[in-house]
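What you are looking at is a predicted structure, and each value in this text was computed from that prediction instead of being measured.
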Amino acid sequence: MTLICREHHLGSQAAKNFSHGLGIINFRFRFAIGLPLGLMTLLWSHSAIAQDLSHSLQSLASGAGLLALNSTEAQSSEPVCQTDDNLRTSTQLTTWMGNLVKASTWVGDPEVGLSHLIQSLGPQLVSYLNPSPWPQISDRAQQARVPVMMYHDILPEKQVFFDVTPEEFEQHLQLIQERGLTPISLDQLTTHLRTGLPLPEKPILLTFDDGYKGHYEHVYPLLKKYGYPAVFSIYTAKVGKKLGRSSLNWEELRQMATDPLVTIAAHSVTHPPDLTKLTDDHLATEVAESKRLLEAELGMPIRYFTYPEGKYDARVAKVVQDAGYLAAFTMDDVDERFAGESESLLAIARFGQSRLPEIVDQAWGGSPLPRWNLGFDFSAPVQLTETTIDETPFRLISGGKPITIHAKSRYQVQEILEGTQAIAAVDGGFFSLRYLDSNVMIGPVMSQSNGQFVPGNHSDNPRLKGRPLVVMGPQAAKFIPFNPDKHNSLEGVQAELAGVTDAFVAAAWLVKDSQPQPASTFNSLFDFDAVRHRAFWGINQTGQPTIGVSVEPIDSVSLGIALVKAGFRDAVMLDSGASTSLAYKGESLVGYIPRPVPHVVALVPSDAEAKAACTLASR
């Protein structure tokens with residue numbers, strides 16, 4: 001990371017501390033990454049190394065803090081010390097380094113150790129320091145669904161259709177609260193769009209355009225009441241003047257701007273209806289002068305811009321970039337999108353406020369970051385996610401503990417779950433079609449639902465050689481190439497995983513070691529290249545079990561590519577086509593009646609682990 005330090009007063013010592021701290025911690029992390037976790041923990045127990053890293057973190061935070069102070073005191077139009085891509089602002093660095101300093105206190109706890117520090121903070125550190133080239137949006141952020149809501153005037157009596165009354169606005173805030181959404185700041189969104197760092201599970205960003213009096217009298221008090229951040233886009237010619245309906249004044253704007261909940265964005269000087277129609281000189285004035293005026297009046301850097309009426313083109317975006325803005329908002333009434341679907345950071349899309357009721361249930365902060373250790377997490381809550389990847393929609397359910405249920409006959413998946421602790425399930429391995437009520441599987445099967453190991457048919461087993469054998473236990477799951485000579489007995493399966501409780505043979509690997517599998521790996525699997533509904537399960541990058549289906553037909557190779565983008569480190573294909581089934585909380589999540597199946601991969605809630613002695617009901 002190259003630092004470009006501009007003219008300042010106290011910044012030389014800050015930059016020195018910052019660079020020193022960053023250099024040491026960068027060395028420590030790079031050194032530690034290549035070591036086995038046991039050795040890293042042993043090294044962490046040596047106080048000299050711990051104190052050195054702690055001191056590095058303190059220096060890093062001290063440098064960031066001084067830089068933040070300098071930028072505020074200087075009241076400059078640009079950060080005092082910024083990265084070469086203009087993203088990592090001093091405020092963000094201060095917060096981030098503060099969290100690292102807290103982490104440095106772990107050095108005295110032998111139960112945590114360097115390995116835990118690296119596993120927890122390492123992926124975030126790597127993502128944060130390796131953003132996509134500005135102003136591109138990261139691949140991870142493109143998969144998330146972050147709604148940015150756009151409001152205009154808030155006043156007691158509506159004058160146009162997009163006006164909102166204070167009572168209606170508070171109802172919106174109550175809806176956000178009731179549906180479990182987390183309003184975020186624009187700094188959080190920008191960092192997410194650049195780096196792919198996940199946001200809260202259900203994020204939303206609130207924005208208010210123009211600078212109406214109602215923003216100060218009605219919106220601001222309600223934001224403080226609920227503790228929600230928001231962005232206010234101001235066109236400077238309106239402030240303190242009777243321009244249009246109503247305007248807040250500079251004193252009111254200063255009061256709002258000093259509140260950490262509030263981000264002020266520039267919205268031009270005079271709010272021209274179409275910036276693309278202006279001459280070069282006029283355009284430059286509207287974009288740059290609004291930034292200069294706001295910074296002079298408010299005493300803080302203005303990093304974001306909002307296009308009046310959402311109109312922009314490549315020339316306008318270039319002028320916004322040259323003025324030093326980090327990102328810009330647009331709008332399009334006929335093409336509203338989530339933030340990750342935007343063209344770039346210089347054209348972040350928004351939804352009109354009237355769309356809020358239909359948007360709140362779609363919000364999603366993105367997939368967890370990959371973990372640096374390859375462990376498992378069978379304690380997370382079970383949750384449903386709907387996402388679209390490469391134009392194919394998917395339904396994914398992650399969390400809990402994976403098990404299988406081998407029923408006595410064939411049923412719909414939701415019927416198999418009745419009377420069990422499982423919250424969700426997907427149809428499992430392949431089964432014999434010889435009899436309509438047969439529960440005979442293709443290959444060996446073991447399920448804790450009935451406590452039995454059933455060997456596979458000796459005529460079928462050789463044809464399954466090399467396909468993924470799925471083995472599960474209370475704390476781990478493995479995917480192993482099936483060996484018919486070794487794995488057709490209970491002893492052979494137990495040799496692969498201590499305490500194994502479940503086993504079956506899946507169709508094929510879709511993702512292996514975080515890599516999508518090419519066509520050559522599917523060998524003789526029937527119709528692997530056909531476009532069909534597909535069912536799958538695997539382990540995501542945080543070690544959580546994840547089951548799912550493609551909502552629309554897709555071929556196996558494209559499916560593997562999509563699942564890597566969805567955050568899988570390993571995934572295998574299950575019985576698909578007419579058998580593709582997914583159930584959640586007793587309801588089918590596919591829009592058709594699938595073929596009944598005798599076998600499912602299910603997710604049991606994490607609190608059920610304490611009740612392992614309970615017997616799962618079997619059909």
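- A donor-acceptor pair is defined here as one N or O able to donate and one able to accept, closer than 3.5 Å; such a pair exists between the side chain of Glu341 and the backbone of Phe338.
- Heavy atoms only, all atoms of each residue included: Ile405 and Ser449 are closest at CA-OG, 3.6 Å.
- The NZ atom of Lys408 sits 10.0 Å away from the CG atom of Asn439 when rounded to the nearest 0.5 Å.
- Ala508 and Leu525 make their closest contact through CB-CD2, 3.9 Å (heavy atoms, listed as atom of the first residue, atom of the second, distance).
- When all heavy atoms of Val493 and Val471 are compared, the closest pair comes out as CG1-CG1, 3.8 Å.
- Ser576 and Asp427 get closest at one heavy-atom pair: N-OD2, 4.5 Å.
- When Leu589, Ile547, Val590 are each tested for a side chain to side chain contact (heavy atoms under 4.5 Å, CB included) with Arg395, only one passes: Leu589.
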side-chain contact (heavy atoms from CB on, under 4.5 Å) between Ser138 and Thr195, worked out: CA-CA 6 Å; Ser138 78; Thr195 65; over 6 Å; no

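- Note: Trp537 and Phe479 meet the aromatic proximity criterion, with ring centroids under 6.0 Å apart.
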Between Val470 and Val572, is the side-chain contact (heavy atoms from CB on, under 4.5 Å) condition met? List the steps. CA-CA 9 Å; Val470 178; Val572 295; 4.2 Å; yes

Pair Lys512-Asp570, salt bridge (charged side-chain N to carboxylate O under 4.0 Å, His left out): steps then yes or no: CA-CA 5 Å; Lys512 195 172 186 179; Asp570 290 291; over 6 Å; no

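- A donor-acceptor pair is defined here as one N or O able to donate and one able to accept, closer than 3.5 Å; such a pair exists between the side chain of His192 and the backbone of Leu197.
- A cation-pi contact, defined as under 6.0 Å to the ring centre and within 45° of the axis, links Arg569 to Phe376.
- Contact annotation: the side chain of Lys401 never approaches that of Pro545 to less than 4.5 Å [non-hydrogen atoms, C-beta and beyond].
- Ile184 and Pro203 make their closest contact through CG2-CB, 4.0 Å (heavy atoms, listed as atom of the first residue, atom of the second, distance).
- Distance CD1/Ile204 to NZ/Lys202: 11.5 Å, rounded to 0.5 Å.
- Look at Lys478 and Glu496 and you find no salt bridge, because none of the NZ, NE, NH1 or NH2 atoms lies under 4.0 Å from a carboxylate O.
- Of the listed residues (Leu173, Leu205, Ile176), just one forms a side chain to side chain contact (heavy atoms under 4.5 Å, CB included) with Pro183, and that residue is Ile176.
- With rounding to the nearest 0.5 Å, the separation of CD in Gln177 from OH in Tyr228 is 4.5 Å.
- Looking at Thr387, its side chain does come within 3.5 Å of a backbone N or O of Gln143 through a donor-acceptor pair.
- Without hydrogens or angle criteria, Ser342 side chain to Ala349 main chain gives a donor-acceptor distance under 3.5 Å.
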Go through the steps to decide whether Phe394 and Thr388 satisfy the test side-chain contact (heavy atoms from CB on, under 4.5 Å), and finish with yes or no. CA-CA 6 Å; Phe394 292 90; Thr388 298; over 6 Å; no

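- Annotation: the span from Phe504 atom CZ to Met472 atom CE amounts to 5.0 Å, rounded to 0.5 Å.
- Between the side chain of Arg194 and the backbone N or O of Ser132, at least one donor-acceptor pair lies under 3.5 Å.
- Side-chain atoms of Asp527 never come within 3.5 Å of backbone atoms of Ala530 as a donor-acceptor pair (strictly under, hydrogens ignored).
- Using a 4.5 Å heavy-atom threshold, the side chains of Ser558 and Asp390 count as separate.
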Evaluate the ring-ring contact (aromatic ring centres under 6.0 Å, His included) criterion for residues His599 and Phe431: first the C-alpha distance (whole Å), next the side-chain angles of each, then the deciding distance (0.1 Å), finally the verdict. CA-CA 8 Å; His599 186 258; Phe431 56 94; 9.3 Å; no

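- Residues Pro553 and Thr392 are not in side-chain contact: their nearest non-hydrogen atoms beyond the backbone lie 4.5 Å or more apart.
- A side-chain donor-acceptor contact under 3.5 Å links Ser514 and Gln541.
- Between the CZ atom of Arg467 and the CH2 atom of Trp509 there is a distance of 11.5 Å, given to the nearest 0.5 Å.
- Between Phe351 and Pro147 the shortest side-chain heavy-atom distance falls below 4.5 Å.
- Classified by interplanar angle (parallel below 30°, tilted 30° to 60°, perpendicular above 60°), the ring pair Tyr592/His533 is tilted.
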Show your working on side chain to side chain donor-acceptor pair (under 3.5 Å) between Asp187 and Ser185 and close with a plain yes or no. CA-CA 5 Å; Asp187 284 343; Ser185 70; 5.1 Å; no

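- Within 6.0 Å of atom CD in Glu587, 12 or fewer heavy atoms from other residues, nucleotides or ligands are found, so the atom counts as exposed in its surroundings.
- The backbone N or O of Gly456 sits less than 3.5 Å from a side-chain atom of Asn488, completing a donor-acceptor pair.
- When side chains are defined from C-beta on, Ser556 counts as touching Phe522, because their heavy atoms get closer than 4.5 Å.
- Side-chain atoms of Ile397 and Thr385, non-hydrogen and from C-beta on, never get closer than 4.5 Å to each other.
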Let's go through Glu336 and Arg355 carefully: what are the C-alpha distance in whole Å and the side-chain angles of both, what is the deciding distance for side-chain contact (heavy atoms from CB on, under 4.5 Å) to 0.1 Å, and is it a yes or a no? CA-CA 10 Å; Glu336 296 179 317; Arg355 297 283 305 278; 2.5 Å; yes

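- Not a single donor-acceptor pair under 3.5 Å links the side chain of Arg534 to the backbone N or O of Asp555.
- Rounded to the nearest 0.5 angstrom, Arg532 CZ and Ser579 OG are separated by 8.5 Å.
- When all heavy atoms of Asp502 and Ser447 are compared, the pair lying nearest together is OD2-CA, 3.5 Å.
- Looking only at distances, a side-chain donor or acceptor of Gln142 sits under 3.5 Å from a matching main-chain atom of Ile137.
- Using modelled atom types, one side-chain atom of Thr420 and one backbone atom of Leu417 make a donor-acceptor pair closer than 3.5 Å.
- Side-chain contact between Ile539 and Thr546 is absent, with no heavy-atom pair separated by less than 4.5 Å.
- Contact check for Phe536 versus Leu559: side-chain heavy atoms found under the 4.5 Å cut-off.
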